[in-house]
Amino acid sequence: MTRKIFVTTALPYANGPLHIGHIMEYIQADIWVRFQRMQGHQLHFVCADDAHGAPIMLKAESEGVTPQQLVTRIAAGRRPYLEGFHLSFDHWHSTDSPENTQLSQDVYARLVAAGLVYRKSIEQFYDPVKGMFLADRYIKGECPNCHSPDQYGDACEVCSTVYAPTDLINPYSTLSGAQPVLKASEHFFFRLSDPKCVAFLKEWLDTPGRLQPQVVNKAREWLTGSGEQALGDWDISRDAPYFGIPIPDAPGKYFYVWLDAPIGYLAALQSYFDSGKARANGERRTFTEFLAAADTEQIHFIGKDIIYFHNLFWPAMLKFAGPPYKVPDHVYVHGFLTVSGEKLSKSRGTGISPLRYLELGMNAEWLRYYLAAKLNANVEDLDFNPDDFVARVNSDLVGKYVNIASRAASFITRHFNGQLAYQGDTEQLAALAAAHAFQVQQAYENREFGKAMRDIMALADRINHDFDARQPWVLAKDPARAAELQDVCSRALHGFKLLSVLLAPVLPHLAAHVALELFGLERRFAWSDAASLPERINPYQHLMTRVDAKMLDALFEAEPPAAPPPVPRAASAAAPAGVAAAGAVAQISIDEFKRIDLRVARIVEAETVAGADKLLKLTLDLGSDTRTVFAGIKSAYEPAALKGRLTVVVANLAPRKMKFGVSQGMVLAASGETPGLFLLTADAGATPGMKVS
RNA sequence: GGAAAGGUAGCUCAGCUGGUUAGAGCACGGCACUCAUAAUGCCGGGGUCGAGGGUUCGAGUCCCUCCCUUUCCA
């Protein structure tokens, strides 16, 4: 039976570029999606920019553009990420769209008709200077519990007490600095606490197989809480000024962004249908027919931070809006990505820059494999560890998998003109392959990618072992044993093809190359290719290079721990990709070297930078002028110990704007595989400003 | 503060409803091999399964308490 599946990933907020956490989620979903497509199922994979809300409105204002201009610019920057990491979305849309306006207003009208919306006047802080109501995060003040200053309006970061913004002592607006005043306004509420909602959600959560057990536990906690933890109704309106969808017949009122964001999944799907892409993908029905059909599976991949919205509000909205709306079949939740054990900071943009990864010439499939190897169906955080990354990719993908083709193909090409031939029972060989494929299929289906990768690599180990045991390099020296040699190599290449099919959801680019170039197929692999025995090959071309550990260094070092500049694409022009991609080992001419202006500098001042974990702010005397340079050497040096030292600085490096100021150069320091960072020094006698060559 | 998830070899992780001497990969040490963009094969060292109690003939696996990590609290 062909399944009809509609898959989404969480909509990224359109106030900035995608970070590595987004990419992880998309890769997880993409692997599953590609796996289902390989099974022959009909699948529609869509996503959109989440464009509404106060943060985008304010950011646009600060940049002097309209919110529409801001989100259009952000949307235009998505493509390099999606293509670069082989993310096979069928369509990418926006919540700031006519489809979403129409659908959101329709859902709202149906909820009103169902008696689940009511109005109530509430008092909220209002910024009299800015002329707008303030969300909690725009209000700061003194913590009522521990009296720490400058705490946000929802919780204290120092003592982690949770409170209301009105509890703050001496509150002020972070937008204008003004003291906020309480002001009443009528808000619209979705009656989530209505008995029929609660009854439905209990049933929804308890449906076997729908959700991960950990997620059900968490959601049930919210649903059945009592006292202060009791399930409350949901405030779905915001007052003007607000960038959002107007509420019908309610001037000056807009839908809260979290109402129209999930509806954006459907808006993206509708746009995909209306654009004709669904038809091109084999779906003849209309959007509404498809959405309403009983056999349409609606599946969302999300992170653990937005469980609340996706497992309470979203299904309740859909349920009581009624047909053609249908509740999600599954909401698959993943944990967060940490980097070297540290959590990413969305606001500070720490971690790995996805574009930087690509610019360095790093293979997207390395990352896809690494993440697949560590992903499972649980809601667990996943750590990106550079050493682990290098080891896994080099050992598994290059040493085990690619090596099989590399070592077997040359015999076939040289001795048998590309022709494969098997001795013994080929049906058994095919049956064994089918059994392996079935086992891996189960793991993929259940999103146990780590298990799938372990099974696949165990198979690669066996293939290498069998190949070794029969010593084909010995057979090759004896013409009488040619048939035996051909059999050994054919079996290895059959195994390689099987591995390639099984890895295709993770390594789509490589698998396509193997299918088309090495095995000479006229199409990409389908899952059913796993068991069939290949008959001939084309000459082997190398399939994948090893990760150079220096690339990981570059990935982390070149990226300042501060926020990336507002327009990261500009940075790509400054760093010639070709040079970076060639790696640190590429030779350069003396003329190229001369372009780098190295100078002796005296560190006249060194100080820590508030809010930066790794940076020191250095004031350098270069003889003729004085420069400010931010250096990522805090881990290795006390500021006091640096004062007065001579060091070497790249004097003609383009200034780089960082969160903390402009860095006008770079000091040189040595580092290696082992921890430690060592600043270069000039011998006594050198004076600031001297040229180094 | 309330709650959820997790804490297993140096690192990354498997261990289903409790059952023989706790597993894999990587890293490390030794050996072998040469077909492979230097990779593979074999052997080995290494863990009181966060801590402490308890249930049981038997617990990494169940119960209780505590500690640590991550996250959520609309």
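The analysis underlying the following values was restricted to heavy atoms, covering all of them including side chains, and did not include hydrogens, waters or symmetry mates. A note on names: the letters A, B, ... follow the listed sequences, proteins ahead of strands, and every chain is numbered from 1.
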Nearest listed nucleotide, side chain of [X], among [options]:
{"X": "A:L231", "options": "B:A74, B:U70, B:A38", "answer": "B:A74"}
{"X": "A:K218", "options": "B:C72, B:U12, B:C35", "answer": "B:C72"}
{"X": "A:F336", "options": "B:U71, B:U70, B:C26", "answer": "B:U71"}
{"X": "A:R454", "options": "B:C73, B:C13, B:U37", "answer": "B:C13"}
{"X": "A:W222", "options": "B:C35, B:A74, B:C72", "answer": "B:C72"}
{"X": "A:K374", "options": "B:A4, B:U12, B:U34", "answer": "B:U12"}
{"X": "A:E380", "options": "B:U71, B:G41, B:G6", "answer": "B:G6"}
{"X": "A:Q214", "options": "B:A74, B:A5, B:U34", "answer": "B:A5"}
{"X": "A:S410", "options": "B:A74, B:C72, B:C35", "answer": "B:C35"}

Fill in: Output field: ring centroids A:H334/A:F301 closer than 6.0 Å
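So the answer is no for these two rings.
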Worksheet item: Between A:Y108 and A:F255, does the ring centroid distance fall short of 6.0 Å?
Response: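 Between A:Y108 and A:F255, the centre distance is under 6.0 Å.
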For [X] and [N], give me the distance from atom [atom1] to atom [atom2], rounded to whole Å.
{"X": "A:F313", "N": "B:C72", "atom1": "CZ", "atom2": "C1'", "value": "13 Å"}
{"X": "A:R220", "N": "B:A5", "atom1": "CZ", "atom2": "C1'", "value": "15 Å"}
{"X": "A:L375", "N": "B:C13", "atom1": "CG", "atom2": "P", "value": "11 Å"}
{"X": "A:Y401", "N": "B:U40", "atom1": "OH", "atom2": "C1'", "value": "17 Å"}
{"X": "A:L459", "N": "B:A24", "atom1": "CG", "atom2": "P", "value": "18 Å"}
{"X": "A:D396", "N": "B:C26", "atom1": "CG", "atom2": "P", "value": "7 Å"}
{"X": "A:L371", "N": "B:C13", "atom1": "CG", "atom2": "P", "value": "12 Å"}
{"X": "A:M544", "N": "B:A38", "atom1": "CE", "atom2": "P", "value": "15 Å"}

What is the pairing partner of [N], taking Watson-Crick or G-U wobble pairs with both distances under 3.5 Å in any strand?
{"N": "B:G29", "value": "B:C43"}
{"N": "B:U69", "value": "B:A5"}
{"N": "B:G18", "value": "none"}
{"N": "B:C62", "value": "B:G54"}
{"N": "B:C35", "value": "none"}

Item to complete: Please confirm whether A:R447 makes a cation-pi placement over A:Y444, using NZ or CZ under 6.0 Å from the six-membered ring centre and within 45° of the ring normal.
Response: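 Ring-cation test returns no.
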I'd like the [atom1] distance from [M] over to [N], given in whole Å.
{"N": "B:C68", "M": "B:C43", "atom1": "P", "result": "44 Å"}
{"N": "B:G2", "M": "B:U20", "atom1": "P", "result": "39 Å"}
{"N": "B:U65", "M": "B:G23", "atom1": "C1'", "result": "31 Å"}
{"N": "B:G47", "M": "B:U37", "atom1": "P", "result": "39 Å"}
{"N": "B:G60", "M": "B:G41", "atom1": "P", "result": "33 Å"}
{"N": "B:U48", "M": "B:A9", "atom1": "C1'", "result": "13 Å"}
{"N": "B:G1", "M": "B:A59", "atom1": "C1'", "result": "34 Å"}
{"N": "B:G58", "M": "B:U12", "atom1": "P", "result": "35 Å"}

Worksheet item: With a 4.0 Å cut-off, would you call A:D206 and A:K202 a salt bridge?
Response: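 No.
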Worksheet entry | Lys/Arg N to Asp/Glu carboxylate O, A:D487 vs A:R470, below 4.0 Å |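 Yes.
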Worksheet item: Does A:I412 offer a backbone N or O that forms a donor-acceptor pair with the side chain of A:Q486 under 3.5 Å?
Response: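 No; judged by distance alone, with no hydrogens or angles, the pair does not exist.
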Using a 4.0 Å heavy-atom cut-off, does [X] contact any base of the nucleic acid, only the sugar-phosphate backbone, or nothing at all?
{"X": "A:Y540", "result": "nothing"}
{"X": "A:N376", "result": "sugar-phosphate"}
{"X": "A:K451", "result": "nothing"}
{"X": "A:D461", "result": "sugar-phosphate"}
{"X": "A:N403", "result": "base"}

Item to complete: Starting from the 5' end of RNA chain B, give me the residue, A:S406 or A:Y370, whose nearest nucleotide shows up first.
Response: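 The residue mapped nearer the 5' terminus is A:Y370.
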Worksheet entry | Most 5' of A:F309 and A:H465 on RNA chain B, judged by nearest nucleotide |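 Final value for this comparison: A:H465.
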Worksheet item: So how far is it from A:L223 CG to A:Y308 OH, rounded to the nearest 0.5 Å?
Response: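 Here the rounded value is 8.5 Å.
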Fill in: Distance below 4.0 Å between A:N217 side-chain N/O and B:A5 OP1 or OP2
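It does, given that an N or O in the side chain of A:N217 lies less than 4.0 Å from OP1 or OP2 of B:A5.
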Practice prompt. Output yes when at least one side-chain N/O atom of A:S395 is less than 4.0 Å from OP1 or OP2 of B:C26, else no.
Written response: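 So the side-chain polar atoms of A:S395 do come within 4.0 Å of the phosphate oxygens OP1 or OP2 of B:C26, strictly under.
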Worksheet item: Using a distance-only test with no angle check, is there a side-chain donor-acceptor pair under 3.5 angstrom linking A:N464 and A:R407?
Response: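 There is such a pair (donor and acceptor under 3.5 Å, judged by atom type) between the side chains of A:N464 and A:R407.
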